[in-house]
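Here is the structure we will look at.
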Amino acid sequence: MVKVTLKDGSVREYPPGTTCAAVAGEISPRLGREALVAAVDGRLVDLGYPLEHDAAVQFFTFDDPEGRQAFRHSTAHVLAQAVKKVFPEARLAIGPAIAGGFYYDFDVPRPFTPEQLAKIQAEMEKIVKEDLPFNRFEVTRREALDRFGAAGETYKEELINDLPEDAVISCYQQGDFTDLCAGPHVPSTGRLKAVKLTGVAGAYWRGSEKNKMLQRIYGTAFPKKSQLEEHLFRIEEAKRRDHRKLGAELDLFSIQEEGPGFPFFHPKGMVLRNELEQFWRDEHRMRGYQEIRTPIILNRALWERSGHWEHYRENMYFTRIDEADYAVKPMNCPGGILVYRSHLHSYRDLPVRLAELGLVHRHELSGVLHGLMRVRCFTQDDAHIFMLPAQIREEIIGVIDLVDYFYGVFGFNYKVELSTRPENSMGSDEIWDTATAALEEALQARGMDYKVNEGDGAFYGPKIDFHLEDCLGRTWQCGTIQLDFLMPEKFDLTYVGEDGQKHRPVMIHRVVFGSIERFIGILTEHFAGAFPVWLAPVQVKVLPIAGRHLDYAREVGRRLEAGGIRVELDERNEKVNYKIREAQAQKIPYMLVIGDREAASGAVSVRHRSGGDLGSFSVDDFLARVQEEIRSKAL
RNA sequence: GCUGGUGUGGCUCAGGGGUAGAGCAGCGCACUCGUAAUGCGCAGGCCGUCGGUUCGAAUCCGACCACCAGCUCCA
């Protein structure tokens with residue numbers, strides 16, 4: 001008998017050769033139905049895998065990342081099968097599972113049309129109905145090359161050739177279709193109940209624009225129709241919340257042909273922005289930062305010295321002034337460094353925390369521009385901290401606390417990533433190791449979970465990234481903390497130590513919002529334009545019912561304004577229903593309906609954008625309520 | 001930058017070789033109205049830009065620009 005150890009530690013015995021599927025079914029009928037793949041001693045396998053030796057076995061359903069991946073990946077195979085049936089001349093590239101679905105790349109003479117996509121999807125549904133088993137078999141390198149070579153699958157041949165020497169080469173076959181694949185796969189196509197092809201796009205073979213452009217079909221799949229529908233609804237919801245659409249509707253900002261990637265902020269967008277900046281300034285002042293502002297254009301020598309000329313030139317804009325070369329700053333650090341260097345520093349002064357809301361310009365490829373999320377000029381809520389090496393840990397922890405506090409104010413959860421040395425970088429391995437270790441230490445001291453991204457750091461140092469999660473579960477990189485031993489060296493920064501000698505300070509670059517512009521985009525989508533009262537461009541809209549209520553409505557407006565509320569009065573000769581509809585569409589938090597009753601009693605009738613009619617309030621009570629909501633930054 | 005798509009009044013969109021239309025928004029008038037659209041009227045566009053084909057181009061062709069979906073890249 002074979003001893004099988006399950007996840008809960010229990011041990012069961014089975015005759016040798018029993019499949020994982022049989023074990024799952026024996027544990028519970030439900031697990032038998034829902035299990036998609038298994039892990040034997042930590043190695044992912046198909047459910048058909050026979051157990052010949054004692055092993056630890058674990059099962060995965062669609063609710064586990066492993067199960068979900070296999071599910072989507074299996075669907076990608078069905079897609080490939082369907083495409084080969086409809087377009088036998090198509091050559092197969094790769095087809096992995098991705099977050100939210102899967103894709104498969106094909107080399108076809110012309111792009112797929114939406115009609116063809118529908119046809120392919122219909123073919124996929126047929127294959128699902130046939131409930132074909134996924135069969136795994138192993139082949140030698142020679143056999144694999146012969147098989148796919150004969151089929152004219154040149155991309156597969158390339159993949160096979162790139163496999164490591166000792167790799168086990170496996171294929172999966174369902175019906176008349178066979179694909180090179182490591183697996184694992186779900187037992188049969190019948191499991192793939194709810195499949196939807198969501199789009200087509202060009203994509204380069206192996207992601208390099210030097211290679212041929214293939215046609216990528218995106219899709220997603222779920223075990224239940226209802227799950228698919230919910231997923232599609234979420235996508236619709238994301239579209240409805242698109243900050244570009246809301247930005248125009250709420251009149252926050254615009255991007256015009258005259259400045260692609262250079263956003264214009266309208267009055268209402270500026271209110272939002274100024275609130276964010278004021279909050280930022282207050283918090284930074286309280287935490288010992290001093291604010292500075294450095295020029296946007298600085299001369300070439302500075303950028304050569306900082307290393308940007310060599311490492312960042314492709315992203316920079318240049319100009320000439322009086323026969324000399326200048327660059328528009330893509331980062332604020334050199335400016336901050338010049339401020340630090342403008343006078344001598346004692347070790348007693350450190351840490352020096354210089355904060356700057358700095359407007360930077362970066363040349364981004366035209367195709368990547370996207371509303372406020374990807375632009376060519378943006379404002380970083382930057383700060384550079386100059387400190388003693390002994391202060392590193394504490395300073396980093398201070399920044400982590402700050403970021404944690406900020407995101408909490410907006411109701412965001414976040415994830416942390418640590419990025420290490422990239423290829424095109426400056427400095428010695430030793431310096432990088434020290435810096436990376438310092439970041440890691442601070443994260444551990446703060447007890448944070450984090451993921452490591454090898455080779456993803458800045459060219460001057462490793463970094464901690466904060467990815468915040470919005471209400472649709474999407475993540476956005478905002479805050480970063482970058483430790484830098486190199487700039488202080490390059491700019492010969494010093495402080496005078498206890499011993500009267502000059503010493504080298506260490507530097508931190510950090511942002512919390514990241515880019516104010518992007519942050520506003522994220523907030524817009526997160527709140528679907530219904531900003532918390534403290535951020536709302538218009539906090540209260542006063543709606544007189546008829547002309548005779550105008551005087552009192554104006555008085556209410558004045559009193560609220562005097563109380564520091566951003567209030568607007570709708571004086572137009574329109575019905576109150578109409579005014580409400582418009583104020584709702586503008587997502588204004590509070591609407592005050594003013595009619596005979598209110599004018600007579602000196603009250604206001606309060607309607608909340610989501611809470612509806614809240615009844616009658618005295619002006620003072622209402623004012624106090626809104627003021628408290630603003631003060632507490634209530635969500 | 002690359003692949004595919006789109007470009008008509010502020011917005012959403014119809015039209016399509018004979019010189020431009022609707023709804024909403026705007027403006028005017030009437031209605032004086034109680035929690036998501038009152039009615040009537042008026043005005044507004046060299047149909048993204050440049051070039052070509054044609055007796056004639058918003059319409060067909062080409063180039064460019066911008067935008068959209070992706071690729072790649074990043075705050």
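A note on names: the letters A, B, ... follow the listed sequences, proteins ahead of strands, and every chain is numbered from 1.
Partner assigned to B:G45 is none, using Watson-Crick or G-U wobble distances below 3.5 angstrom. Nucleotide B:G51 is matched to B:C61 when pairs are restricted to Watson-Crick or G-U wobble geometry with both distances under 3.5 angstrom.
Looking at A:Y552, its side chain does come within 3.5 Å of a backbone N or O of A:G602 through a donor-acceptor pair.
Nearest heavy-atom pair, A:D484 versus A:H509, reported as atom, atom and distance to 0.1 Å: OD2-NE2, 2.7 Å. Minimum heavy-atom separation, A:K156 to A:L92: CE-CB, 3.7 Å.
Cation-pi geometry between A:R72 and A:F102 is not met: the NZ or CZ atom fails to fall both under 6.0 Å from the ring centre and inside 45° of the normal.
Closest to the A:E574 side chain, of the nucleotides B:A75, B:C67, B:U38, is B:U38. For A:R216, counting side-chain heavy atoms from C-beta on, the closest listed nucleotide (B:C71, B:A36, B:G34) is B:C71.
With hydrogens and angles ignored, a donor-acceptor pair closer than 3.5 Å exists between the side chain of A:R518 and the base of B:C74. Checked by distance alone, A:E258 brings no side-chain donor or acceptor within 3.5 Å of a matching partner on the base of B:A66.
For A:Y578 and B:A36, the ring-to-base geometry does not satisfy the stacking test (centroid distance below 5.5 Å, interplanar angle below 30°).
Residue A:H243 contributes atom NE2, which lies 13 Å from atom C1' of B:A75 at whole-angstrom precision.
Distances shown here put a side-chain N or O of A:R572 below 4.0 Å from the OP1 or OP2 atom of B:G26.
For the C1' atoms, the distance linking B:A57 with B:C46 amounts to 13 Å, nearest Å.
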